[in-house]
Amino acid sequence: MPELPEVEMVRRYAEEQCKGRTIINVRVLDEGILVGVSRSVFVRSVQGRQIIGASRHGKQLFLNLRKGFLTVHLGMTGDILMLERGERSPSHARTLFTFDDATRLAYDDPRKFGALGLASSMADFVKEHHLGPDALKVSKKEFVARAQGSHRAIKSVLLDQHVIAGVGNLYADESLFQSKIHPLAASNELPVEALERIWAQVRHVLNASIRVSTDFQMLPEGFLLRSRAAGSPCHRGNGIFQSIKVGGRTTIFCPACQKLI
DNA sequence: GAGTATGTTATATG
DNA sequence: GCATATAACATACT
């Protein structure tokens with residue numbers, strides 16, 4: 001599911017569905033999903049609290065409680081969904097929250113890479129986890145400065161949540177494709193102009209995806225994500241999309257459009 | 001069975 | 001200690 005645009009969709013859903021509701025019961029079905037907090041402290045801190053909103057920093061989601069924050073990271077396969085009264089919980093539900101009106105919220109996560117926890121403030125959480133600024137909020141100047149601080153491949157830098165928070169494997173490929181930059185280009189060797197282009201494309205790509213509710217098929221023509229597959233032709237003409245590994249992650253790019261500088 | 005998957009982090013290495 | 005690279009986590013699907 002989850003890179004910044006997908007998490008933003010979940011945030012909106014959570015806010016729509018949960019705002020104003022009070023959690024009266026918590027069932028932790030799989031304790032492994034709790035991070036940095038014991039089951040008893042988690043339950044005690046959440047039970048009886050009202051949800052007053054939902055926030056996001058990069059891929060990290062926060063349910064704003066009347067006091068404190070319930071932190072949610074969706075990992076690879078996490079999702080949240082509201083259950084109507086009596087509705088069966090999904091097969092990989094890891095935690096169930098019951099509200100005062102008997103509806104329930106399920107945290108579902110087959111692969112269990114996600115995490116639930118507590119934080120006293122978003123700033124605290126961001127600091128503690130050394131997260132970089134949100135990919136949609138970072139200024140051009142700060143992005144360039146941060147990218148210049150690493151000699152790794154630019155794609156690895158985009159994926160590093162300590163540099164900026166929110167870009168994952170798919171949107172990193174898309175942003176570099178739109179910027180016409182090779183994923184293996186050394187971050188600190190890219191001209192400032194190229195880094196500025198990447199900054200602009202990261203926001204463009206993330207915003208475009210949010211605009212279509214992360215339905216890739218609804219993206220405008222010319223987006224790699226509409227058909228991200230090695231061997232398929234680049235719509236710009238010459239190239240054939242190629243697959244390589246960068247930092248252990250599958251990377252699709254067009255060798256004709258994205259030349260190594 | 002092998003290979004792959006939208007993420008993070010502990011561990012290894014230089 | 002720092003920057004970087006890699007393995008490991010758990011499950012489903014092709």
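Convention: sequence-line order gives letters A, B, ...; per-chain numbering from 1.
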Undergrad: Rounded to whole angstroms, how far apart are NE2 on A:His162 and P on C:dT4?
TA: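 It works out to 12 Å between those atoms.
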Undergrad: Kindly point out which of B:dA5, B:dT9, B:dG7 is positioned nearest to the side chain of A:His129?
TA: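 Looking only at side-chain atoms, A:His129 lies closest to B:dT9.
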Undergrad: From C:dT4, B:dT8, B:dT6, pick the nucleotide closest to the side chain of A:His151?
TA: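 The answer is C:dT4.
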Undergrad: Can you check the A:Lys155 NZ to C:dT4 P distance for me, whole Å?
TA: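 From A:Lys155 NZ to C:dT4 P: 17 Å.
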Undergrad: In this structure, how many angstroms lie between the P atom of C:dA10 and the CG atom of A:Asp30, rounded?
TA: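 So the CG-P distance, A:Asp30 to C:dA10, works out to 10 Å.
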Undergrad: To the nearest Å, give me how far apart CG (A:Asp79) and C1' (B:dA5) are.
TA: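 Result: 16 Å.
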Undergrad: OP1 or OP2 of B:dG7 less than 4.0 angstrom from a side-chain nitrogen or oxygen of A:His73, does that happen here?
TA: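 For B:dG7, OP1/OP2 do not have a side-chain N/O of A:His73 under 4.0 Å.
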Undergrad: Looking at B:dT8, I'd like to know if its phosphate oxygens (OP1 or OP2) sit under 4.0 Å from a side-chain N or O belonging to A:Lys59.
TA: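 For B:dT8, OP1 or OP2 has a side-chain N or O of A:Lys59 closer than 4.0 Å.
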Undergrad: Can a side chain N or O of A:His92 be found less than 4.0 Å away from OP1 or OP2 on C:dA12?
TA: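 Yes, A:His92 has a side-chain N/O under 4.0 Å of OP1/OP2 on C:dA12.
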Undergrad: Stems involving DNA chain C: give each as a range paired with a range, ordered by first number, where a stem means at least three consecutive Watson-Crick or G-U wobble pairs under 3.5 Å.
TA: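 So far as stems of 3 or more pairs are concerned, DNA chain C shows B:2-5 with C:11-14, B:7-14 with C:2-9.
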Undergrad: Describe, in one word, how the ring planes of A:Phe241 and A:Phe177 are oriented to each other, choosing from parallel (under 30°), tilted (30 to 60°) and perpendicular (over 60°).
TA: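 The rings of A:Phe241 and A:Phe177 stand perpendicular, inter-plane angle above 60°.
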Undergrad: Starting from C1' on C:dC2, measure out to NE2 on A:His130 and report it in whole angstrom.
TA: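 Checked: the NE2 to C1' distance equals 13 Å.
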Undergrad: Under a 3.5 Å distance rule, please check whether A:Arg152 uses its side chain to pair with a backbone N or O of A:Gly247 as donor and acceptor.
TA: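 Judged by distance alone, no pair lies under 3.5 Å.
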Undergrad: Just to be sure I understand the rule, does A:Ser156 reach a base, reach only the sugar-phosphate, or reach nothing, if contact means heavy atoms closer than 4.0 Å?
TA: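 The residue A:Ser156 makes no contact with any strand.
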Undergrad: For B:dT4, does either OP1 or OP2 sit under 4.0 Å from a side-chain N or O belonging to A:Arg249?
TA: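 So the side-chain polar atoms of A:Arg249 never come under 4.0 Å of the phosphate oxygens OP1 or OP2 of B:dT4.
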Undergrad: Check A:Pro220 against A:Arg226 and note the closest heavy-atom contact, atom names and distance.
TA: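 That would be O-CD, 3.3 Å.
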Undergrad: If you check the A:Met76 side chain, which of B:dA5, B:dT8, C:dA5 turns out closest?
TA: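 When the side chain of A:Met76 is considered, B:dA5 is the closest of B:dA5, B:dT8, C:dA5.
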Undergrad: Working to the nearest 0.5 angstrom, can you tell me the gap between A:Glu87 CD and A:Arg104 CZ?
TA: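 With rounding to 0.5 Å, CD (A:Glu87) is 8.0 Å from CZ (A:Arg104).
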Undergrad: Determine the contact category for A:Pro2: base if any of its heavy atoms lies under 4.0 Å from a base atom, sugar-phosphate if only primed atoms, P, OP1 or OP2 are that close, otherwise nothing.
TA: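 Base, at least one base atom sits under 4.0 Å.
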Undergrad: I'd like a table of donor-acceptor pairs (distance under 3.5 Å, sequence neighbours excluded) in which one partner is a side-chain atom from residues 52-63 of chain A, with atom names and distances.
TA:
from: A:Ser55; atom 1: OG; to: A:Asn64; atom 2: OD1; distance (Å): 3.1
from: A:Ser55; atom 1: OG; to: A:Asn64; atom 2: ND2; distance (Å): 2.9
from: A:Arg56; atom 1: NE; to: A:Glu8; atom 2: OE1; distance (Å): 2.9
from: A:Arg56; atom 1: NH1; to: A:Gly58; atom 2: O; distance (Å): 3.0
from: A:Arg56; atom 1: NH1; to: A:Asp134; atom 2: OD1; distance (Å): 2.8
from: A:His57; atom 1: NE2; to: A:Gly132; atom 2: O; distance (Å): 2.8
from: A:Lys59; atom 1: NZ; to: A:Val167; atom 2: O; distance (Å): 3.4
from: A:Gln60; atom 1: NE2; to: A:Val72; atom 2: O; distance (Å): 3.1

Undergrad: Report the distance from atom CD1 of A:Ile51 to atom OG1 of A:Thr22, rounding to the nearest 0.5 Å.
TA: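 Between atom CD1 of A:Ile51 and atom OG1 of A:Thr22 there are 8.5 Å.
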Undergrad: Please state how far atom CG in A:Asp109 lies from atom P in B:dT6, giving the value in whole angstrom units.
TA: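 It is 15 Å, rounded to the nearest whole Å.
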Undergrad: Whole-Å distance between C:dA10 C1' and A:Ile33 CD1?
TA: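 Atom-to-atom, A:Ile33 to C:dA10, this comes out as 10 Å.
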Undergrad: Using a 5.5 Å cut-off between ring centres and planes within 30 degrees, is A:Phe113 stacked on the base of B:dT8?
TA: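 Whether judged by distance or by angle, A:Phe113 falls short somewhere, so it does not stack on the base of B:dT8.
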Undergrad: Given the rule in the salt bridge (Lys or Arg N to Asp or Glu O under 4.0 Å) test, do A:Arg21 and A:Asp100 qualify, once you have shown the distances and angles that lead to the verdict?
TA: CA-CA 7 Å; A:Arg21 289 187 148 128; A:Asp100 43 0; 5.3 Å; no
Undergrad: When you compare C:dA10 with B:dT11, how far apart are their P atoms, in angstrom units rounded to a whole number?
TA: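 Taking atom P in both C:dA10 and B:dT11, they lie 15 Å apart.
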Undergrad: Could you tell me how far apart A:Ile164 (CD1) and B:dG7 (P) are, to the nearest whole angstrom?
TA: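 Taking CD1 of A:Ile164 and P of B:dG7, I get 13 Å after rounding.
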Undergrad: Looking at B:dA5, I'd like to know if its phosphate oxygens (OP1 or OP2) sit under 4.0 Å from a side-chain N or O belonging to A:Thr77.
TA: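 Checking B:dA5 against A:Thr77, no side-chain N or O comes under 4.0 Å of OP1 or OP2.
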Undergrad: A:Gly248 near the nucleic acid: base, sugar-phosphate alone, or nothing, with a heavy-atom cut-off under 4.0 Å?
TA: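 A:Gly248: no heavy atom of the nucleic acid under 4.0 Å.
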Undergrad: Does A:Lys112 make a side-chain N or O approach to OP1 or OP2 of C:dC9 shorter than 4.0 Å?
TA: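 Looking at the OP1 and OP2 atoms of C:dC9, neither is under 4.0 Å from any side-chain N or O of A:Lys112.
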Undergrad: Give a yes-or-no answer on whether the side chains of A:Glu6 and A:Tyr171 include a donor-acceptor pair shorter than 3.5 Å.
TA: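 Yes, side-chain donor-acceptor contact under 3.5 Å.
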Undergrad: Considering residues, nucleotides and ligands other than A:Arg27, do more than 12 of their heavy atoms fall under 6.0 Å from its CZ?
TA: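 No, because the 6.0 Å sphere around CZ of A:Arg27 holds 12 heavy atoms or fewer from other groups.
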Undergrad: Classify the side chain of A:Arg111 versus the base of B:dA5 as yes if they form a donor-acceptor pair under 3.5 Å and no if they do not.
TA: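 Counting by modelled atom types and ignoring angles, a donor-acceptor contact under 3.5 Å is found here.
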Undergrad: Could you please name the option among B:dT6, B:dA5, C:dA12 that lies closest to any side-chain atom of A:Asn169?
TA: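 For the A:Asn169 side chain, the nearest candidate turns out to be B:dT6.
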Undergrad: What distance, rounded to whole Å, do you find between the two P atoms, one in C:dT6 and one in B:dT4?
TA: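 16 Å, rounded to whole Å.
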